[in-house]
Every structure is written in structure tokens, then in C-alpha cells.
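Letters go in sequence order (proteins before strands), and every chain restarts at 1. Reckoned from all heavy atoms, side chains included, excluding hydrogens, waters and symmetry mates. Values in this document were obtained by computation on a predicted structure and should not be read as measured data.
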2 protein chains.
Amino acid sequence: MADLVYQRIIKDLTRRIFAGEFAAEMKLPDERHLSTEYQVSRSSIKRALALLANDGIVFKKRGSGTFINPLYLENQSLFNYEGSNLGITDNLQMAGKKPGIKLLEFAVIPATKTLQRDLFLQSGEFVYQIKRLRLLDDQPFMIEESFIPIKVVPELNQEIAGHSIFNYLQATKKQAVTKSFLTIGAAPATAEDQKLLQLKANEPVGTMAGIFFLDDGTPIEYSFMRMHYQYLKFNSFVAIEP
Amino acid sequence: MADLVYQRIIKDLTRRIFAGEFAAEMKLPDERHLSTEYQVSRSSIKRALALLANDGIVFKKRGSGTFINPLYLENQSLFNYEGSNLGITDNLQMAGKKPGIKLLEFAVIPATKTLQRDLFLQSGEFVYQIKRLRLLDDQPFMIEESFIPIKVVPELNQEIAGHSIFNYLQATKKQAVTKSFLTIGAAPATAEDQKLLQLKANEPVGTMAGIFFLDDGTPIEYSFMRMHYQYLKFNSFVAIEP
DNA sequence: TTAGTTAATTGGGTCGTACCAATTAAAAAA
DNA sequence: TTTTTTAATTGGTACGACCCAATTAACTAA
């Protein structure tokens with residue numbers, strides 16, 4: 001993973017940032033200095049910094065320097081899309097917790113109108129309906145209901161659904177889920193939410209609904225997630241062109 | 001705008017894509033061909049294509065080519081972020097509702113340690129503390145507490161704070177807010193939330209905390225927002241590198 | 001024909017140079 | 001001292017060279 005120069009730089013700079021090495025000035029050394037320090041070209045440094053800036057970890061001011069985004073230090077996102085997959089399982093491992101999955105339901109149903117549109121299916125096609133409870137260190141935190149077209153993984157079964165489906169796809173078909181379109185929201189907890197997520201009466205759930213795509217643009221899954229509100233920390237860096 | 005090479009390429013390629021020039025194969029010419037065609041270096045072509053891929057307009061497959069994302073042609077609005085400003089007011093106008101602002105508090109306070117760090121202020125600098133209730137069609141939906149450095153807009157007063165500050169900045173200083181770093185979450189409603197937002201006992205609030213930046217990277221505002229949960233709908237297109 | 005191998009195609013990564021543009025620091029002038 | 005001018009600093013853009021890696025097309029052998 002870190003065999004590429006710019007990825008190595010990103011990894012190390014991120015580590016140093018979170019270790020507080022630049023906390024005094026909240027500013028990174030200039031590009032030319034980093035270039036000689038890491039013994040790589042300035043181009044590679046620029047590439048690494050550009051990606052860090054794109055994630056909102058740092059931001060650059062021409063003529064002034066590259067500065068650390070202080071908010072990023074505070075809120076290390078639960079859904080910190082690093083690595084090679086967008087799946088929940090993978091990202092939570094990075095948070096240092098042990099992810100778990102409890103399969104609640106597993107069925108095959110005809111795709112509804114909405115699913116046909118969202119997953120680009122023809123009328124009459126079928127999808128898996130998979131309801132799972134996600135755990136962190138054996139503590140439930142999210143209810144996930146997923147719909148996956150049968151034609152994508154005809155061999156899917158309860159055994160596979162008990163683990164990370166994205167990991168299975170990547171292992172067997174070498175197809176990584178690299179894009180997603182999500183809608184984040186909040187809602188009062190239902191009775192089921194309260195029971196499964198161990199919520200008190202007035203505690204809400206965070207919701208995430210969205211489509212996941214393979215690298216080639218194929219929509220592969222529609223998911224609706226309800227999670228313990230304390231676990232919904234979604235960081236977003238938005239930049240629009242002037 | 002289009003005086004830069006890669007921006008010129010992006011603009012022209014986008015035009016050609018939507019004109020259907022490549023609709024037959026849904027594939028762009030290879031990078032080396034584009035390089036000679038546009039009489040620019042392959043590096044610039046790569047840069048342009050990388051940005052197009054980043055927006056989900058095309059996707060690249062090593063060894064195969066650069067392909068047009070059919071989803072983008074079919075449902076452009078899904079991926080597009082329109083507008084020239086990030087402010088709440090502006091975006092909600094698009095939803096067709098009439099935005100309103102009720103000023104709750106307006107004060108000048110010394111920047112706290114956290115604010116000093118988040119807004120890159122020196123010790124001893126002052127900020128406006130502005131608490132506002134946001135309305136849509138005269139219906140309250142969000143409590144917003146903002147902190148803006150005095151030095152950015154020394155002339156700010158209660159009159160101005162009663163309207164969109166971002167619009168004021170753009171109108172008077174020609175400085176648009178083009179970047180933001182937000183953390184989205186959910187929380188149970190406090191007594192104040194319930195009163196101001198007319199929430200029932202078990203109904204939660206959505207929270208958004210973040211920094212807003214000018215185009216040049218200057219942090220201009222730290223905001224903490226608590227909104228009626230039905231109004232928290234945050235769309236996010238995430239793509240990671242394979 | 002089929003299966004396996006090789007070559008060509010195509011995007012990816014790295015390096016280094018050159019110059020530009022915005023900011024800041026230093027120096028000079030008022 | 002204050003203001004203005006100049007120089008140094010720092011990120012931005014562009015170019016082109018070189019090689020790598022994944023895919024596809026062409027070729028070869030069974």
C-alpha cells in the first residue's frame with residue numbers, strides 16, 4: 001500500500017500531524033524543504049499535499065504556506081475513507097475497534113420501482129434483501145439494510161452475508177467499491193432501534209442512505225443505515241469552483 | 001477562468017462529452033492522442049482527466065482507456081453541486097423556500113483557545129458571537145451560533161447580522177466563501193432546542209459544526225448548528241483512489 | 001480451433017526543470 | 001517613526017522525460 005512515494009509521504013505526514021509535531025505553528029514545512037527532507041521530488045510532495053488538502057486535512061495558501069486544518073485533529077471521523085474500500089467494516093478497523101456483524105434477515109425479493117431506478121435494474125430483476133446488525137467490540141451500533149442485485153453476486157449466501165460483502169467482492173472478483181453517493185440525516189429512534197442499539201427513550205439515530213458503486217461505475221448496492229447517534233460523525237470537506 | 005491549460009481542456013472536453021461526440025464508444029481518445037490534438041503536454045491532459053474523474057464525469061481504467069460515466073449523462077443533478085456560495089441561505093433558496101433570520105444574540109468576545117486555533121487567531125483577538133434562528137417560510141428550523149473574527153468584517157453590526165453575512169461579504173468585498181469543513185452528527189434535543197425548533201420530546205436535532213473558508217483559504221467563520229432533524233439532508237459523493 | 005505467449009496500447013508514477021503569482025519579510029525612502 | 005519599495009519565500013502551473021503496470025490485441029503453438 002505504501003509502496004508509492006506520494007502515499008508514503010501522505011502516511012508519514014498524517015502520522016506526524018496527528019502526533020502533534022506541527023501543532024505549534026499549525027503549519028507544515030514548505031514544499032522544497034519537505035522535498036529534500038524526504039529525498040523525493042517536489043512534484044511528489046505537491047501530489048501528496050494536494051491529496052491531503054482534498055481531504056480537508058490541510059489547506060494551502062500560496063505565498064504563505066501549508067496549514068493544518070484544526071478541526072480535523074478534533075474529529076477523527078468514524079467514516080474516514082482511507083484504504084481501498086468504502087465498506088463499513090474496513091473503515092472501522094482503522095479506528096482500532098473490532099468490527100462484527102450479526103445477520104438479522106436474508107431474503108430474495110423482486111426489485112421495487114425505487115430500487116430499479118437506484119440500481120439501474122430492469123423490471124422483473126431480483127435483489128438480495130440483507131438486514132444486518134453492525135457491532136464494534138461486540139457493542140451494537142448500526143442497523144444496516146442492504147439491497148444487492150442478484151446478477152452481481154449470484155452465489156451470495158447467508159454465510160457470506162455474515163461478513164463483509166465488499167471484502168468478498170474484492171477477494172473473489174477483484175472489484176473494489178470505490179465510489180458512493182450518500183444522504184446523511186437524523187431521526188427519532190423506533191422501538192426496534194431502541195432495542196437493537198440499546199438507546200434511551202429520547203436518544204435518536206443517525207441515518208445514512210446511499211448507493212455504492214464499483215470502480216467502473218456499476219451500482220452494486222443500495223443501503224439504508226440507522227446508527228447510534230454518537231457514532232454518526234461524518235466529516236465533509238466541500239469546495240466549489242469560483 | 002479558462003486561461004489555464006488544464007481548465008481549458010476540462011471545459012472543452014466537457015463540452016464535447018455533452019455534445020455527444022464520444023457517445024458511440026463512451027470513451028475518450030487516449031491521453032497521448034489528446035496531448036498532440038490539444039498541443040499540450042500529457043501531464044496537463046492527465047491533470048484535466050484526473051479532475052474530471054474526481055467529479056465523476058469520467059472514469060479511467062489503466063490499460064483500457066478513459067470512459068464516460070453514463071450515470072452522469074443520465075442524472076446530472078445527482079452529482080452536481082451548483083451555485084457560487086456555500087451559505088445556508090443561498091442553498092435553501094434553491095429549495096424554493098423563503099429563508100428568514102431572527103437574531104438572538106450579538107456580542108463581541110475574546111476568542112477562546114479553540115477559536116484561536118480553528119480560525120487562526122492570535123491570543124487577544126476578538127470575535128463576533130452571533131446566535132441566530134434560521135427560518136424557512138417563517139418556520140424555525142435551525143439554531144446557528146457563529147464566530148467571526150472582528151478583523152475580517154470590522155463594520156459588522158446587528159443590522160447586517162440579521163441577513164446573510166456571506167452575501168454581504170461577497171457584495172462588499174468580492175470574497176466568496178468557497179470551502180467548508182463540516183462535521184455532521186445527531187444529538188438529542190435540549191430544552192432550548194425543543195422550544196426554539198418546536199420539537200416534540202423524543203425528536204432529535206441534526207448537528208453541523210465547521211469552518212468556512214474564503215477562496216484563498218482564509219478561515220472566516222466557525223459555526224455550530226443545531227437543526228430540526230427533518231431538515232438535515234446532507235448529500236455526499238465520495239470517491240477513493242483504487 | 002483453442003490455448004498460451006508475446007507485443008502493442010493505455011493509464012500511472014516519479015523525477016527534474018523552468019517560470020509564474022501571491023504573500024511575507026527585509027530594506028530603503030519619506 | 002512611518003510608508004514605500006524591493007527582495008526572498010512559498011505554493012501554482014506547465015513541460016517533458018523515463019519507466020512501470022494493467023489491459024487488450026496480435027501472434028504462435030498445440
Closest to the R62(A) side chain, choosing from dG11(D), dC15(C), dG11(C): dG11(D)
Would you call the rings of F147(B) and Y222(B) parallel, tilted or perpendicular if under 30° counts as parallel and over 60° as perpendicular? tilted
Axis-to-axis angle across the helix from dT1(C)-dA30(D) to dA30(C)-dT1(D), five pairs each end, nearest 10 degrees, ~ 0°
Under 3.5 Å, is there any donor-acceptor pair linking the side chain of S43(A) to the base of dG16(C)? yes
Under 3.5 Å: donor-acceptor pair, side chain of S180(B), backbone of I211(B): no
Are any of T66(A)'s side-chain N or O atoms less than 4.0 Å away from OP1 or OP2 of dG11(D)? yes
From the options I148(B), D118(B), I130(B), select the one residue that forms a side chain to side chain contact (heavy atoms under 4.5 Å, CB included) with E221(B). I148(B)
Looking at the side chain of S64(B), which of dC15(D), dT24(D), dT23(C) is the nearest nucleotide? dT24(D)
Taking atom C1' of dA22(C) as reference, at what distance in whole Å does atom CG of D30(A) sit? 15 Å
If we ignore hydrogens and angles and just use 3.5 Å, is the side chain of Y128(A) paired with the main-chain N or O of V153(A) as donor and acceptor? yes
Under 4.0 Å from OP1 or OP2 of dG13(C): is there any side-chain N or O of Y6(A) that close? yes
Nearest to the side chain of S41(B), heavy atoms from C-beta on, is which of dA22(D), dA14(D), dC15(C)? dA14(D)
Just the rounded figure in Å: distance from P of dG13(C) to CG of L51(A). 10 Å
Side-chain N or O of K60(A) versus OP1/OP2 of dG12(D): is the shortest distance under 4.0 Å? yes
dG12(D) base / R47(B) side chain donor-acceptor hit below 3.5 Å: no
Testing T66(A), N54(A), I9(A) for side chain to side chain contact (heavy atoms under 4.5 Å, CB included) with L49(A), which one passes? T66(A)
Determine the sole option in E31(A), H33(A), E25(A), K27(A) for which the side chain to side chain contact (heavy atoms under 4.5 Å, CB included) test with P29(A) is passed. H33(A)
Mind listing the N/O atom pairs, protein and nucleotides 5-8 of chain C, below 3.5 Å?
none

I'd like to know whether I101(B) forms a side chain to side chain contact (heavy atoms under 4.5 Å, CB included) with E144(B), so could you lay out the CA-CA distance, the side-chain angles of the two residues, the decisive distance to 0.1 Å, and finally the verdict. CA-CA 10 Å; I101(B) 295 179; E144(B) 178 195 41; over 6 Å; no
Rounded to the nearest angstrom, tell me the gap between atom NE2 in H33(B) and atom C1' in dG11(C). 16 Å
What is the distance, rounded to the nearest whole Å, between atom CG of L28(A) and atom C1' of dT10(D)? 13 Å
Side chain of L4(A) only, please: which of dT23(D), dT24(C), dT14(C) is the nearest? dT14(C)
Regarding dG11(D), can its base be found pairing with the side chain of R32(A) as donor and acceptor, where the two atoms are less than 3.5 Å apart? yes
Grab the CD-C1' distance between E31(B) and dA21(D) for me, whole Å please. 14 Å
Residues E155(A) and I160(A): closest non-hydrogen pair is O-CD1, 3.9 Å
To the nearest angstrom, the CG-C1' distance between L34(A) and dT14(C) comes to 17 Å
Does the dG11(C) base have a donor-acceptor partner in the side chain of R42(B) within less than 3.5 Å? yes
Any donor-acceptor pair under 3.5 Å from S223(A) side chain to A209(A) backbone: no
State whether the side chain of R42(A) and the backbone N or O of T36(A) hold a donor-acceptor pair below 3.5 Å, judged by distance alone. no
Separation of F67(B) atom CZ from dT10(C) atom P, in whole Å? 10 Å
Rounding to a whole Å, what distance do you find between E37(B):CD and dT10(C):P? 14 Å
Could you please name the option among dG13(C), dC15(D), dG11(D) that lies closest to any side-chain atom of K46(B)? dG13(C)
